[in-house]
Amino acid sequence: MKLSDLKQGEKARITEVGGEGALRQHFLDMGLIPGADVELVKFAPMGDPVEFRVYGYELTLRLADAERIAVEAFPDKKEGSSDGEALKQRKAETDSRAHRSRSEAEHPGLGEEGRYHEKETENPLPDGTQLTFALVGNQNSGKTTLFNQLTGSNQHVGNFPGVTVDRKDGEIRGQKGTLITDLPGIYSMSPYTSEEIVSRDFVLKEKPKAIINIVDVTSIGRNLYLTMQLLEMGLPMVVALNMMDEMIGNGGYVDINAMEEMLGVPVVPISAAKNAGVDELVHHAMHVAKYQETPTVQDFCDSTDHGGAVHRCIHAVMHLIEDHAVNAGIPVRFAAAKLIEGDRLLLEQLALEQNEKEMLEHIVLQMEKERGMDHSAAMAEMRYAYINKVCDRCVEKPTESKEHIRSRQLDRVLTGKYTAIPVFVLVMAAVFFLTFGLIGPFLQDLLAAGIEKLGSVVDGMMDAGQVNYAVRSLVMDGIFEGVGSVVSFLPIIVTMFFFLSILEDSGYIARVAFVMDKLLRKIGLSGRSIVPMLIGFGCTVPAVMSTRTLPSARDRKMTILLTPFMSCTAKLPIYGFFVSAFFPEYSWQIITGLYLLGIVTGILVSLLFKKTLFKGEAVPFVMELPNYRMPGAKNVLQLLWEKAKDFLQRAFSVILIATIAVWFLKSFDLRFELVEDAHSSILAMIAGWFVPLMQPVGMGDWRIITALVSGFMAKESMVSTMEVLFAPEGVAGVIPTAAAAAMLVFSLLYTPCVAAVASIRRELGNKWAVCVVLWQCGIAWVAALLVNLLCSVL
Ligand code: GDP
Ligand code: MG
């Protein structure tokens, strides 16, 4: 029987995992190994992908991928006496053990000063050495939350795989000379996604003084899989058991001492969100780093397990490659394990001789024969076997956590067959209505009124002080009109980010990816691409960065090329400007229409790509569905503050400079004399060269062209430029309505701003960045032409 044959609610045991290469490795890493129990939770509303429960957490798979996994039905569900008995007995054992250890609660602490290492042989790093730490863990394990607690810095926290896409550094609060790096979330040290490569390279090449491995205790089984691989690297390490608040709250219990003994590194229970245990964690981390205490346990392969085939294989390979690994500076045990798993990257790095390669092959073949399983499955199984031992001995899981029950109930509606898509549409509509229709404009009016007040006060003061005309014009027309009009959009932008971050933090966006996967596949993408696209409504720069979570280069490229079509918040001021000048009675309809137009254009473009540049299938969709969590107020506020700061910084740097430059160019002529009429200014002359190009689309006005160029610097500055150039009569009387409509469409679609282009360049290289600029200008031109023609006809 295949995994895809299960019905909703059915359970089975995996017998064999098919597929090949990276995909198969990923299956195994995520806990889909022979012998694991799986339950089919539900089908996505469109019938594909499917949600499974394995190792105590939920993950998604497409039907086509589920077909590659063979399962056998459970012996008998109702009777199951032998299983039931065994379970009962195990429960009784854990209970008695728990009582025992709960009473003797002394925490000895591997690595607590002087207790673990011997004083005589201790060999601390010299004083003044910078202690560097890598923060490594699964996605959604709370890395960013912990990082924020440790450094007091404002990092973006999200409940979706891939919010942390780049490394971020910070100093641990109160510990001078430390540096902690927040790495992207990974599930394994196999190079499956580009994030995994980032994290793996960081640990291997930059050699932090210690690793802080953060483990989500509510799905400890899968989280420890990464821990096993980190331990193999032999670096000093501390395990931070996060989410202990949820564990304890549900009546669960962890025997920390026993776990330390089995893992051979200090284990510290913490709750990053509640800032509990973090000080102790720092204490331990500092200690293991300072004294370079490496894990005492690395040999997880049991010589009695299934005849010890895997055990003997690993040790044989370790001996075989020891010199090469040492030369290459790669931990021996880690190298051996990865070689057995067939890691090509590592094979190259080690530069084995032909003989050795052959021997390696023989050793692995022999193991596969004895173990009756291929090499990757055998290794994953070995690790999970040890994890099971650790969990059996040390962890008393709550039967069903409150958070999980709540998540299931919410999912009944939010990913329900008939409700999922209507809810998604409603949620997005509500977000847009609240942002652009209700909260945003209200706050915006308040702020605009404030700025105007300030403006008139300053004007009055300059008047009284008899300030020079040019300076006065610069301050009033340039700064107050220009920058002020942009700043008044701050409330809308912050409101938008507020809703986006709530959706992200709560775990809803992961569900959206699950629900929308089938639809996105039609345009050649996977459900995961929905995240960059949604973030794109906020800002293209983080959206482009967040594509790093996508496992295939093809998907990443396509998604990156698509995100600029999602109308970002910086374009809002432009819409607001034109709509209030030309179509005040249809404001929110037109703005919504523009958003839809962006989406439709994006879809058409990706269909085109799918047929031409990027033929082939989207990558598999193996993704964790985390429990819903209440977004932390502190995290959300931090994010908003950061966005507001970012926006204001831009307003007072790029936009201010652009505004001043525009004001200068339009106020002087070639002889640097103040002009009466802007038409004879330098600006009119330069921009005039481009008039013929824009004439056909109805935008052949030098002021509009200037605005478009300044919009390339930062979209919002288009508004300030137009305020300055069209002063004092305003834009409404000067350009025809059809041109305004064309302008709206043009500014929606034409080249992304410099910052976005720079981030595209970082991901895809120069060639693509230039292509994006030209290509989008072309599309915008054609679309604007159509709109202009249409409006002229009507
Ligand atoms: P990352 O993906 O590993 O960076 O994880 P995040 O730091 O973004 O956290 C994922 C989610 O878990 C967020 O919604 C956090 O609010 C939540 N979270 C983090 N730490 C804790 C904790 O100790 N207890 C609880 N209950 N939730 C937490
Ligand atoms: Mg994070």
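Fair warning: this is a prediction, and the values are worked out from it, not measured in the lab. When reading the values below, keep in mind they use all heavy atoms of this one structure, side chains included, and skip hydrogens, waters and symmetry mates. We count ligands from 1, going down the list as the structure has it; atoms in each ligand are counted the same way.
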Query raised in the report: Quick one: do the Asp245 and Ser271 side chains pair a donor with an acceptor below 3.5 Å?
Result: yes
Query raised in the report: Any non-hydrogen atom of Ser141 lying under 4.0 Å from ligand 1?
Result: yes
Query raised in the report: Which of the atoms in ligand 1, numbered in the order shown and given with their element, are less than 4.0 Å from a heavy-atom of Glu246?
Result: 26 (N)
Requested in this report: From the options Ala273, Ala272, Gly142, select the one whose nearest heavy atom is closest to atom 5 (O) of ligand 1.
Outcome: Gly142
**Report entry** Salt-bridge contact Glu261-Arg393 (side-chain N to carboxylate O under 4.0 Å)
**Finding:** yes
Query - Partners passing ring pair (Phe, Tyr, Trp, His ring centres under 6.0 Å) against Phe300 (at least two apart in sequence or in another chain) - result: Tyr386
Query - Pairing of Arg629 and Asp505 as salt bridge, 4.0 angstrom limit - result: no
**Report entry** Option set Thr144, Asn242, Asn148, criterion heavy-atom distance to atom 4 (O) of ligand 1, minimum
**Finding:** Thr144
**Report entry** For atom 19 (C) of ligand 1, the option (of Thr218, Asn138, Thr145) bearing the nearest heavy atom
**Finding:** Thr145
Query - Verdict with reasoning, Arg406 to Ser401, per side-chain contact (heavy atoms from CB on, under 4.5 Å) - result: CA-CA 9 Å; Arg406 191 181 60 195; Ser401 74; over 6 Å; no
Requested in this report: Please collect all ring-ring contact (aromatic ring centres under 6.0 Å, His included) contacts where either partner lies in residues 390-413, sequence neighbours excluded, each pair once.
Outcome: none
Query raised in the report: So is Lys274 polar-close to ligand 1, meaning N/O to N/O under 3.5 Å?
Result: no
Report summary line: Going by the 4.0 angstrom heavy-atom rule, the piece of Met243 near ligand 1 is both
Query - Numbered atoms of ligand 1 (with element) below 4.0 Å of Ser271, judged on heavy atoms - result: 22 (C), 23 (O), 24 (N)
Report summary line: Under 4.0 Å between heavy atoms, the region of Lys143 that gets near ligand 1 turns out to be both
Query - Any donor-acceptor pair under 3.5 Å from Glu171 side chain to Gly177 backbone - result: yes
Query raised in the report: Given Asn275, Asp245, Asp505, which has its nearest heavy atom closest to atom 25 (C) of ligand 1?
Result: Asp245
